[in-house]
Structures are given as C-alpha cells and as structure tokens.
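Take this structure first; my questions come after.
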2 protein chains.
Amino acid sequence: MTQGVFRALADPTRRAILQQLRDGPRGVNALAQGFEMSRPAVAKHLKILEEGRLITVEQRGRERLNHLQPEMLAVAQRWLGFFDAFWDDKLANLKLEVERDDD
Amino acid sequence: MTQGVFRALADPTRRAILQQLRDGPRGVNALAQGFEMSRPAVAKHLKILEEGRLITVEQRGRERLNHLQPEMLAVAQRWLGFFDAFWDDKLANLKLEVERDDD
DNA sequence: ATATTGTGAAACTAATTGGTTTCCCATAAA
DNA sequence: TTTATGGGAAACCAATTAGTTTCACAATAT
C-alpha cells in the first residue's frame with residue numbers, strides 16, 4: 001500500500017494531476033490539455049494513480065471522471081510522521097547547543 | 001526540490017534506509033548488511049538519498065557516515081498538507097487497513 | 001444515419017532504474 | 001610493512017518507465 005502511494009507520487013505529472021483534481025473530477029482529455037503530452041501518456045499516469053488508490057474513476061456514459069481520493073495520502077503522511085520524533089530530537093539538541101553557546 | 005524528495009522516497013529500499021538511519025549514522029557496509037543486495041547497490045541508493053538531501057555524509061577517516069537529515073521530509077509533508085482540506089470521514093475506515101501494513 | 005467526441009488498447013522506442021561483478025585506492029590495524 | 005577494512009568507480013545487464021503513434025469502439029450530437 002505504502003509502495004503504491006509513494007510510487008504514484010514520484011512523478012511530477014502525477015502530482016500535478018492530483019492538484020488539478022482538487023478543483024473537481026476531470027476526464028482524461030480535460031486533464032491532458034494542461035500538460036504538454038499526449039492523452040495516452042496522461043491516461044497511463046491515471047492508471048498508476050488508480051493503482052495507488054489516489055483516485056477513483058466514475059464512469060458516466062462515455063465519460064470517465066477521475067476523482068481525487070485523498071485518503072491514501074494519509075498513508076504517506078503517516079509514514080513521514082514516524083520521523084517527527086527524530087526531527088524534534090534534533091531540534092532539541094540544537095536548542096541545547098545554542099543555549100550553552102553564550103560566549 | 002520536491003521532485004528530489006519524492007523521487008528518493010519512491011523506492012522501498014531507500015525508505016528502509018531512512019528508517020535505519022533514525023537509529024544513528026551508518027556506513028554503507030553496515031547498511032548493506034540489512035538488505036539482500038550488494039554494497040554498490042546500497043551505495044547507489046544512498047547517492048539518490050543524498051541528491052534529495054534526505055541524508056548528509058560525514059567523512060571520518062576512511063569511513064563515510066550517512067546521517068539522516070529529516071528537514072527535507074518536511075517538504076513532502078508540506079506538499080501533502082495542501083490536500084488536508086479533502087479529508088473526510090472515510091479516514092476512519094482506512095485506519096484499520098493501515099494498521100496491518102508492512103513496508 | 002452520420003459525424004463527432006471521449007476514451008481504451010496495442011505496438012513501439014528511448015531513457016532511466018535497480019541491480020550485478022570486478023577492480024582499485026586509502027586508511028587503519030597486525 | 002604487510003594485511004585487512006571501508007568504500008568509490010566502471011562496465012555491464014534486465015526490467016521498468018514515460019513517452020509516442022495509430023487504430024478501434026461506443027456514446028452522444030446533428
């Protein structure tokens with residue numbers, strides 16, 4: 001699960017797609033207009049985003065609307081959260097250094 | 001900057017390396033023992049982590065100690081934070097799945 | 001009925017990735 | 001001074017990635 005999310009986030013086009021989808025669901029063509037690449041290329045990115053469960057697809061007639069599904073971003077946030085303690089420790093150590101650096 | 005970070009995080013070995021480094025700085029050989037791959041392979045991952053500025057290298061004699069530098073993880077966290085507005089009550093359902101996740 | 005639109009699928013390509021083995025060098029220890 | 005250790009660099013390889021063009025097809029619009 002974690003792998004699917006981080007893999008999906010690794011590509012700048014895919015991250016941009018997610019940001020686009022914050023404004024509402026979009027079809028492949030609408031999305032592809034925002035990028036300098038062909039529709040099939042964007043379609044492949046969407047597939048990877050779908051595999052990572054960062055988007056869901058709603059079929060409406062001949063249209064396929066790609067919806068942002070931000071729940072999985074929480075997986076990434078949670079993983080990163082495990083380092084917050086380290087971050088805090090480092091800041092604390094730094095603080096100590098600063099405090100006895102009064103000469 | 002964001003690209004370097006997300007690229008570095010895309011590989012499970014690299015994420016595992018970062019987790020290892022939470023316990024303190026390590027040389028390539030020490031790290032490589034934790035994975036079923038050769039030292040040069042791990043060295044390449046370290047290089048990518050360094051390019052993404054997720055680690056720093058301290059040269060001590062013939063040893064090169066790789067230090068976790070968690071500041072850049074905040075870059076990823078900030079990017080993900082832009083989606084916080086989208087979170088809804090589906091998060092509760094997700095929590096169950098997350099808790100039995102490996103990787 | 002016909003034309004247009006939104007999309008998927010296949011086949012192909014170039015570049016990148018993730019790994020290997022081998023060899024070499026500098027530092028540290030005997 | 002010789003040996004052992006920690007690690008870089010090169011050359012190579014297979015698989016994956018990110019893109020392309022072309023074709024096909026079903027749903028909508030005229």
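Naming: A, B, ... by sequence-line order, numbering from 1 per chain. Being a predicted model, the structure only gives us computed values, none of them experimental.
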Would you tell me if any nitrogen or oxygen in the side chain of B:Ser38 comes within less than 4.0 Å of OP1 or OP2 on C:dG19? no
What integer distance in Å separates B:Arg62:CZ from C:dA26:C1'? 9 Å
Is there a side-chain polar atom (N or O) of A:Asn29 under 4.0 Å from OP1 or OP2 of C:dT7? yes
Looking only at heavy atoms, which two atoms of B:Trp79 and A:Arg15 are closest? And how far apart? CZ2-CB, 3.4 Å
Round to the nearest Å and state the distance from B:Ile48 atom CD1 to C:dT17 atom P. 6 Å
Which heavy atom of A:Val5 sits nearest to which heavy atom of A:Leu54, and what is that distance? O-CD1, 4.2 Å
Of A:Arg60 and B:Ala43, the one whose closest nucleotide on DNA chain D sits nearer the 5' end is B:Ala43
Does one hydrophobic cluster hold both B:Leu21 and B:Leu65, with members joined at side-chain heavy-atom distances below 4.5 Å? no
Can a side chain N or O of B:His45 be found less than 4.0 Å away from OP1 or OP2 on C:dT17? no
How would you label the contact of B:Arg7 with the nucleic acid (heavy atoms, under 4.0 Å): base, sugar-phosphate, or nothing? sugar-phosphate
In whole angstroms, how far is the P atom of C:dT16 from the NZ atom of B:Lys44? 14 Å
When you get a sec, tell me which of C:dG19, D:dG6, C:dG6 is the closest nucleotide to the side chain of B:Glu63? D:dG6
What is the distance, rounded to the nearest whole Å, between atom CZ of B:Arg39 and atom P of C:dT21? 12 Å
Separation of B:Lys47 atom NZ from C:dG18 atom P, in whole Å? 13 Å
Please give, in whole Å, the distance from C:dT27 P to B:Arg64 CZ? 13 Å
When the distance from CD of A:Glu36 to P of D:dG19 is rounded to whole Å, what number comes out? 12 Å
B:Ala41 has its side chain closest, among C:dG8, C:dG19, C:dG6, to C:dG19
Closest to the B:Asp11 side chain, choosing from D:dG7, C:dG18, C:dT20: C:dG18
In whole angstrom, what separates B:Phe35's CZ from C:dG19's P? 10 Å
Cluster check A:Val28, A:Met37: I/L/V/M/F/W/Y, side chain < 4.5 angstrom: yes
For a quick check of understanding: with a heavy-atom distance under 4.0 Å over all strands, which category does A:Arg14 fall into, base, sugar-phosphate or nothing? sugar-phosphate
Check whether A:Phe6 and B:Phe35 end up in the same hydrophobic cluster, where Ile, Leu, Val, Met, Phe, Trp and Tyr are linked by side-chain heavy atoms less than 4.5 Å apart. yes
